[in-house]
A.B. asks: 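I have a structure I would like to understand better, so I am pasting it below and will then ask my questions one at a time.
We name chains A, B, ... by the order of the sequence lines, and we start the count at 1 in each one. Values below: all heavy atoms of this structure, side chains included; hydrogens, waters and symmetry mates excluded.
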Amino acid sequence: MKNKIKEWLKSGQIDIFLGYKTLQGHPLPHAFGKDNLEDIDTLITGSNYYPLEKIATKLVAEKPDIKIGMITQDHSQRALNVLYIWNQLDPENIKPLKGDGCSSNLKEHADDSHREAGKSGQFKKQFGMNTHASIEEAEIFAQQERFQRWMYEFQKCIKCYGCRNICPVCFCKQCSLEHSNLIGTGSLPPEAPIYHLVRAVHMAGRCIDCGLCEEACPADIPLRLLYRKVNAIVTELFDYETGSRLDQSPFSIIGESITLKLKPIAAA
Amino acid sequence: MTNSITEIEDAGCIFVIGSNTTACHPLIARRIYRAKEKGAKLIVADPRNIQLSRFADVAVNHRLGSDVALLNGMMHIIIRNAWHARDYIADRTERFEDLQSVVAAYPPDKVSAITGVSAENLERMAKLYATNPPAALIYAMGITQHTTGVDNVKSCCNLAMLCGNVGIASGGVNPLRGQNNVQGACDMGGLPNVFTGYQPVSDPDVNKKFSRAWRKNLSDKPGMTITDMVPAMLDGRLKALYVIGENPKLSDPDWNHFNHALKNLEFLVVQEIFLSETAQVADVVLPAASAAEKDGTFTNSERRCMRIHKAVEPVGKALADWQIISKLSTVMGYPMEYNSPEEIFDEMAALTPKSYAGMTYERLGLNGLQWPCPDREHPGTPYLHKNQFIQGKGKFHGIEYKDPAELPTDEYPYFLTTGRMFAHYHTGTMTRISPHLDIEQRTGYVSIHPEDADKLAVKNGDPLILSSRRGEMEAPARVTPSVTPGTLFLPIHFGENPTNVLTNAEAFDPLAKIPEFKVSAVNIKKLRA
Amino acid sequence: MTIKRINFLQELLEFMGLGGRLHLEWISSAEAQKFVQVVKEFTEKIRHLGPNPLRGFTLNNLTLDVGAAAGTAAKTACPEPKETVAQN
Ligand code: SF4
Ligand code: SF4
C-alpha cells in the first residue's frame, strides 16, 4: 500500500495523499506530499476516521486542480459520492485507496464512552432518547412524549457547532445555522428544535451515516438517530440511498413529475 | 478542584452554585449531563435562570451575594436532621462547634428572607445534597468575585466537609478555573507572595533554596496584587507596568478609575498575541506566540499538567513567552539561558518537591499527571485529601453572612451582576475576531426582566443608559426572564460597552483582593425617552 | 417536487413528535369552496391537537419554559415544584 502511494506521488498521478499518522500519541489526519516520500512510511491504517473528504474539499477550494489521493472506508466512499454530486470534488482528481477497518465508535481519547453498549444512562432512557435506539424504538412513543424526549435532548445543546464542523458533507459557504433570520443568536440553548431541525433538513440527501457528529457532540445528543430517520425518509420517498449512487441528489432536481399523492388532513 | 473532571459523572448529587457551566465550562457541563442521565440529583443555585437550571431537581435564584446565608441555611437544616457525617467529622475535622454555633442562627425563615429562596426549597436542597453521596460541589466566579469571596469559598468547604464529601471520589469542592492554564500560572508562582507550588517567599528556607538555585538574593517581601497596584499607580509609587496576556483596561473594575491610573504610568509594556485595548495604549508591545505556536505545559482545573505541542510556527516576530522573558531578563543584566521549555520545567520540578517533583515531560505523556506528584514513581492524584487532609485535620469555620458592599438604594435601585456569555471569552481579544463567534453576539447587551422592562416601557433592543456611583455606560436591552426582577446582567466581553465603568474597585475581598464584579447597584433609563 | 419536500418534512416532524401540523393542498383561484373546506378542516384538526407545544420555546433567551412540554420531561424527573417555576 505504502509503495503504491509513493508511486502515485512520484508519477504525479496525485499531488498529495491524505491519510493518518501518529503525532504525539494521537492518530491524526495528515497530508503526505511528494517532497518527503519517506514520510509515507509513518502512515498508519486502522480504524481511525476523520472527515478526510472534508479536508479534500477545503484543499480543492484553494487549488481547484489539485489531485488528491486518500484512504477511504465504506462511508468515506459514500461521502465522496455525495461531494461529487454536489460538485465539491471532481472524481477525476480524487484517487481513493481502500483502507482497512471501519470507523470505530470507541477510540481512546475520543471520549464517547457513553456510546458503548449499555452505557446510556437510566435517566436518559427514561426521559430522553437512548443513544442506542433504532428508528423503530424511537417511534414507539406517542407524539407528545416523542416531542418531550427530543426537546430534552435538544435543550442540552451548547451550540458548539461541532456536529457541523466535523461533518464530511457539510460544505456550504453560508451556513443556515448561522443565519440570524432563521435561528436566533446569542443565547443558550440555541432555539430548539429549530436549530436541530434546520440541520436535519439540510442533511437530507447528504448524510452518509458516518456517525462523526454524534461522536463529536459534547451534549451526547443522539444526532445519528435523527439523521438516520432523515435518510430513511429520503429512501422511502425518493428511492435514493444517500451516497450509494452517482446520479443527481433528489433535492437538486427541480420540476420532477409528481408520483406522490397529497396526504389527506386526517391521516397525517 | 479537589476532584477530577471525569469523576463528576459518577456523583450521586451535584450542587452547582455560581457557575453558568454550559456557557463557560461546556466540557464540564457534559459530565454534569452524563451524571444526571445516570441518575444523579442536580441542584443549581444561581441568581439567573441558566441552561443547567432546566435539568435541575431543584433550581433556585438566590439574591446576589447571599451565598453564605444560603449555605449556612442548608447546613442548619442538615445538622437539625442529623444528616451530617458524624464519624467523618469526628475523625477528620476540627472546630465543628464553631460551625455549629454559627449556623444554628440560620433557620430557614431567616435565610429565606435574606436569599429569597423558599424554606421548602432550602429543605429540598439540603436533603438532596446530604442524602445522595458522593456529592460534588461545583462553583466558579459566582462564588469568588465578591467582597465575601473567601467566606463564600470557606462556606462551600464547610458544607462539603459536613457531609463527608471531601477526600472521596466523585465528591469534593470543585472551583472551575477561568482559563486553560490559570491553575498552572498560580502553581508556577504567578502570585505576589509565593514561589512555585505555593512556597511562600517569606519562608527563609524556601527563599534560601530559590536564591541559591537562581544565584541571586531574592526579596522575601510579597509583591503587590493588581488591586494594590492601581492605587500605587495613582500615587506614583508604581511607575512602570508589564502586562502579560491580560487586558486590564477592560477586565479591571471601575474603568474610569483604572484608565486614570494607566495614564499616570511612565511606562507600559504589554505582551500579547493580539492588539488588545491595553496593548493599544502601551509604550511597547511584545508580540507573543499563541498556544498553537509554542511548546510547553498547561495545568488545568483538575490539577492535570499536560504537554502542549507547537502545531505551527509563530507568525511574524512573535516568540514564546519564555523566550521573551529570557531575552528581556538577559538584556536587563540577569542572563537566562534556557534552550527549551523542558529545561525550565525540569528546573521547576526540582524546586517544587510536593506537587511537581515527580513530573518529567516524558512521564506526562499523552494524558498528563495530576499533582501532587512528589516522586518519579507517583501516579498522580485524582482527588485530594484522600485519607487525611493535607494540613492534618479539616478545619471548619463559623462564617457569618455579610451584605455585599453595595445594595440597591433609591438612587441606584437595581442589582447588577456581570458575567460571560457562551460565544465569547473574557474581553473578547480572541473570540471577537472569529467570524463564527462574532455572528453569535456582535454587541454588548443588558439582560432585564420583562416586568422591569414593562415598568420602563423598554422593548427588546432599546438602548439603555446604566449608571452607578462610578460612571455610566450604554447597552441595548435584552428582555428576558433569565434574570429575576430587580436584577440586571451585563456580559463583560464588549469594549464598546465597557461593563467595568460601573463596577466597584473599592469593593474587594480583604484577603483574596478579588473585586466584587458580581454585585453593584445601578440605575437605568431609556436613552431616548 | 414540492409534494416530496412537504412529505419529507411531515415525516420528520412526525418523528420529532410534531406530527400533523403541516399540510399541503393545491387550490386553484376558482376553488373557493375547496379553500374554505380545507382551512376549516385543518383548523379543526389543529384545534384538536392543542396549542403549539413550541410556544414558550420561541423566546430567544434562557427561559425555563414553565408549562411548555419540554419542561415536563425535566419536571417529571423531579416532581417537586421548582423555585424558578414560581418566578416566571
Ligand atoms: S452522520 Fe453526522 S457527520 Fe456523518 S454525514 Fe451524517 S450528519 Fe454528517
Ligand atoms: S455538536 Fe451537539 S452540542 Fe454541539 S452544536 Fe451540535 S448538537 Fe449542539
A.B. asks: Is it the case that atom NZ in A:Lys34 sees more than 12 heavy atoms from other parts of the structure closer than 6.0 Å?
C.D. replies: yes
A.B. asks: Does a side-chain heavy-atom distance below 4.5 Å link A:Gln155 with B:Phe55?
C.D. replies: yes
A.B. asks: Looking only at heavy atoms, which two atoms of A:Cys217 and B:Arg30 are closest? And how far apart?
C.D. replies: O-NH2, 3.5 Å
A.B. asks: Shortest non-hydrogen contact from A:Ser187 to B:Arg478?
C.D. replies: CB-NH1, 4.2 Å
A.B. asks: Write out, in numerical order, the residues from residues 417-440 of chain B with a heavy atom short of 4.5 Å from a heavy atom in chain A.
C.D. replies: B:Met421, B:Phe422, B:His436, B:Ile439, B:Glu440
A.B. asks: Let me confirm one number: the SG-CG distance from B:Cys24 to A:Leu188, rounded to the nearest 0.5 Å.
C.D. replies: 9.5 Å
A.B. asks: Let's test your reading of the structure: which of A:Gln126, A:Gln122, A:Lys156 forms the most heavy-atom pairs below 4.5 Å with chain B?
C.D. replies: A:Lys156
A.B. asks: Not counting sequence neighbours, which residues clear side chain to side chain contact (heavy atoms under 4.5 Å, CB included) with A:Pro222? List them please.
C.D. replies: A:Lys124, A:Met129, A:Trp150, A:Glu153, A:Glu214, A:Leu225
A.B. asks: Supply the atom-to-atom distance B:Gln51 CD to A:Lys159 NZ, rounded to the nearest 0.5 angstrom.
C.D. replies: 11.5 Å
A.B. asks: Between OH of A:Tyr152 and CD of B:Glu37, what distance do you get to the nearest 0.5 Å?
C.D. replies: 3.5 Å
A.B. asks: Evaluate side-chain contact (heavy atoms from CB on, under 4.5 Å) for B:Lys38 paired with A:Phe123, printing each intermediate quantity in order.
C.D. replies: CA-CA 6 Å; B:Lys38 286 188 191 172; A:Phe123 182 88; over 6 Å; no
